[in-house]
Student: 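What follows is a single structure, and I will ask about it in a moment.
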Amino acid sequence: MRFTSELRLDDGVIEREFLLGEIPGTLWTPESAAPVPLILTAHNNGLPKSDARLVARARKSAAYGHAVATIDAAGCGDRPRSAADEQARADLRRAMRAGEPVDEIFESLVGPLVEKAVPEWRTALDALLALPEIGGPVGYSGWTALGIRLAVTEPRIAAACCFAGGFVPRAQREEARRVTVPLLLLLQWDDEGNPRQRALDMFDAFGSREKTLHANLGGHTGTPWFELDDSNRFFRRHLK
């Protein structure tokens, strides 16, 4: 891991950009002498790690006392997409314009993205936990499909907060039954791109004995800001 910049922000948070081979990432940490727990915050749909909403959430969590890290996995931000990814996205746009079913196209797009992203996130986790300012344990926040796979394959994940607004491939829907860490699932009741019942079924599928569903009115990007405070309290309970 090689840090390429450092910025001290006015909310008491240190923001550092890093490179891990070809993987670009950002780490936010509070100005604390003691090692702090880590939250991995993941995005999908090709968003860059510099997306304003993602950065605002990360800074808030760091100010709350956690280290927060994100990376641009393959196909996100400035990282190139494969020809298969580009074709799947073109097929998806065409099908949506025509009002055709899109689940199988999503399956062909999101499934490979998860498979490619997990090894990179685990590599990043290895490097982050080697830093003296990070003491673990580790939480996960963000993209549900990736969170499921990481929670199943990565024993260092101690708790997960997932957003129910993204497509979850069949493989991860089955794997959800093997997720046992404490879970907070955030659902937007009027999400135009994710049928409500599918999200409720997803919540039911998780094998965690401690799981909580927070549902709010509004569309895909309308998650209320206070949910970030609740998720930070959730992580404070479980990242000890």
Side-chain angles (χ1 to χ4, degrees), residues 7-16 25-32 36-45 47-72 76-77 121 124-125 128 133-134 136-148 150-151 157-166 168 179 181-194 196 199 202-203 206 208 210-240:
L7 182 63
R8 292 179 179 269
L9 306 172
D10 56 11
D11 51 6
V13 171
I14 303 171
E15 178 183 280
R16 286 176 286 174
T26 308
L27 174 64
W28 295 267
T29 51
E31 292 181 325
S32 169
V36 295
L38 172 66
I39 299 173
L40 303 178
T41 180
H43 50 279
N44 63 341
N45 293 330
L47 285 175
K49 61 184 178 60
S50 59
D51 178 81
R53 289 183 298 125
L54 302 175
V55 171
R57 289 201 295 264
R59 287 181 58 174
K60 178 77 169 179
S61 294
Y64 204 85
H66 303 111
V68 183
T70 189
I71 62 172
D72 274 341
C76 290
W121 275 97
L125 180 56
L128 289 161
E133 60 267 41
I134 296 177
V138 181
Y140 172 87
S141 177
W143 178 19
T144 299
L146 176 62
I148 291 170
L150 280 175
I157 301 292
C161 173
C162 295
F163 292 81
V168 179
V179 173
V181 299
L183 171 77
L184 173 61
L185 186 67
L186 303 181
L187 167 63
Q188 285 302 102
W189 204 244
D190 309 299
D191 191 333
E192 59 279 7
N194 191 43
R196 185 184 306 162
M202 187 74 257
F203 177 73
F206 279 101
S208 305
E210 181 179 337
K211 57 183 178 180
T212 302
L213 175 69
H214 284 189
N216 290 282
L217 296 177
H220 184 74
T221 60
T223 303
W225 187 249
F226 62 74
E227 287 291 359
L228 183 54
D229 291 320
D230 285 348
S231 66
N232 281 319
R233 285 191 288 269
F234 167 81
F235 283 123
R236 176 166 284 182
R237 289 197 304 274
H238 296 293
L239 302 185
K240 297 180 179 178

Student: Evaluate side-chain contact (heavy atoms from CB on, under 4.5 Å) for Leu184 paired with Cys162, printing each intermediate quantity in order.
Tutor: CA-CA 6 Å; Leu184 173 61; Cys162 295; over 6 Å; no

Student: Would you call Ser61 and Phe235 a side-chain contact if the rule is heavy atoms closer than 4.5 Å?
Tutor: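 With C-beta onward as the side chain, the pair stays apart.
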
Student: Could you measure the distance from the OH atom of Tyr140 to the CD1 atom of Ile157? Nearest 0.5 Å is fine.
Tutor: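 Reported value, rounded in 0.5 Å steps: 9.0 Å.
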
Student: Between Leu38 and Leu125, is a side-chain contact (heavy atoms from CB on, under 4.5 Å) present by the stated rule, with each step listed?
Tutor: CA-CA 9 Å; Leu38 172 66; Leu125 180 56; 3.7 Å; yes

Student: Could you state the interatomic distance from CZ (Arg57) to OG (Ser141), rounded to the nearest 0.5 Å?
Tutor: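 Taking CZ in Arg57 and OG in Ser141, the distance rounds to 6.5 Å.
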
Student: Donor-acceptor check, side chain of Asn194 to backbone of Ala164, threshold 3.5 angstrom: yes or no?
Tutor: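 Here the side-chain-to-backbone pair exists.
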
Student: Considering all heavy atoms of both residues, which atom of Glu15 and which atom of Trp28 are nearest to each other, and what is their separation?
Tutor: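 For Glu15 versus Trp28, the nearest heavy atoms are OE1-NE1, 2.8 Å.
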
Student: Which pair of non-hydrogen atoms, one from Leu146 and one from Ala42, has the smallest distance, and what is that distance?
Tutor: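 That closest heavy-atom pairing would be CD2-CB, 3.6 Å.
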
Student: Hey, is Arg196 close enough to Asp191 for a salt bridge, meaning N to O under 4.0 Å?
Tutor: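 Result for this pair is no, no salt bridge flagged.
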
Student: Using every non-hydrogen atom in the two residues, find where Leu228 and Ala56 come nearest and quote the distance to one decimal.
Tutor: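 Closest approach of Leu228 to Ala56: CD2-O, 4.5 Å.
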
Student: Give the intermediate values and the outcome of side-chain contact (heavy atoms from CB on, under 4.5 Å) for residues Leu186 and Cys161.
Tutor: CA-CA 8 Å; Leu186 303 181; Cys161 173; 4.0 Å; yes

Student: Given 3.5 Å as the limit, does a donor-acceptor pair link the side chain of Ser208 with the main chain of Val181, or not?
Tutor: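 Side chain of Ser208 to backbone of Val181, a donor-acceptor pair under 3.5 Å: yes, one is there.
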
Student: Which pair of non-hydrogen atoms, one from Arg59 and one from Val13, has the smallest distance, and what is that distance?
Tutor: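 Between these two residues, the closest heavy atoms are O-CG2, 3.9 Å.
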
Student: Look only at the side chain of Arg16 and the backbone of Leu27, and say whether a donor-acceptor pair between them is shorter than 3.5 Å.
Tutor: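 The answer is no, because no donor-acceptor pair under 3.5 Å joins these two groups.
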
Student: Rounded to the nearest 0.5 Å, how far apart are CD1 of Ile71 and CG of Leu40?
Tutor: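 Going from CD1 on Ile71 over to CG on Leu40, the span is 8.5 Å.
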
Student: Counting only N and O atoms by type, is there a donor-acceptor contact under 3.5 Å from the side chain of Thr26 to the main-chain atoms of Thr70?
Tutor: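 A pair under 3.5 Å: no.
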
Student: Under 3.5 Å, side chain of Lys211 to main-chain N/O of Phe206, donor-acceptor pair present?
Tutor: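 A pair under 3.5 Å: yes.
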
Student: Does the side chain of Asn216 come within less than 4.5 Å of Phe226's, by heavy atoms?
Tutor: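 Answer yes - side chains close enough.
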
Student: With a 3.5 Å cut-off and no angle check, do the side chains of His214 and Glu227 form a donor-acceptor pair?
Tutor: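 Side-chain D/A pair, His214 to Glu227: present.
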
Student: Check Asp190 against Gly218 and note the closest heavy-atom contact, atom names and distance.
Tutor: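 The answer is OD2-N, 2.8 Å.
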
Student: Check for me whether Arg53 meets the cation-pi criterion with Phe163, that is, NZ or CZ under 6.0 Å from the six-membered ring centre and within 45 degrees of the ring axis.
Tutor: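 No.
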
Student: Check step by step if side-chain contact (heavy atoms from CB on, under 4.5 Å) holds for Leu213 and Leu187.
Tutor: CA-CA 7 Å; Leu213 175 69; Leu187 167 63; 4.0 Å; yes

Student: Within the 4.5 Å heavy-atom criterion, are Ile39 and Leu239 side-chain neighbours or not?
Tutor: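 Heavy-atom side-chain distance check passes, below 4.5 Å.
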
Student: How close do Asp11 and Ala63 get, counting heavy atoms only, and between which atoms?
Tutor: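 Looks like O-CB, 4.2 Å.
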
Student: Side chain of Gln188, backbone of Gly222: donor and acceptor closer than 3.5 Å?
Tutor: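 Side chain of Gln188 to backbone of Gly222, a donor-acceptor pair under 3.5 Å: yes, one is there.
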
Student: Within the 4.5 Å heavy-atom criterion, are Arg8 and Glu31 side-chain neighbours or not?
Tutor: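 Of all side-chain heavy-atom pairs linking Glu31 with Arg8, at least one is under 4.5 Å.
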
Student: Using 0.5 Å steps for rounding, measure from the OG1 atom of Thr212 to the CG atom of Leu183.
Tutor: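 Separation between the atoms: 7.5 Å.
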
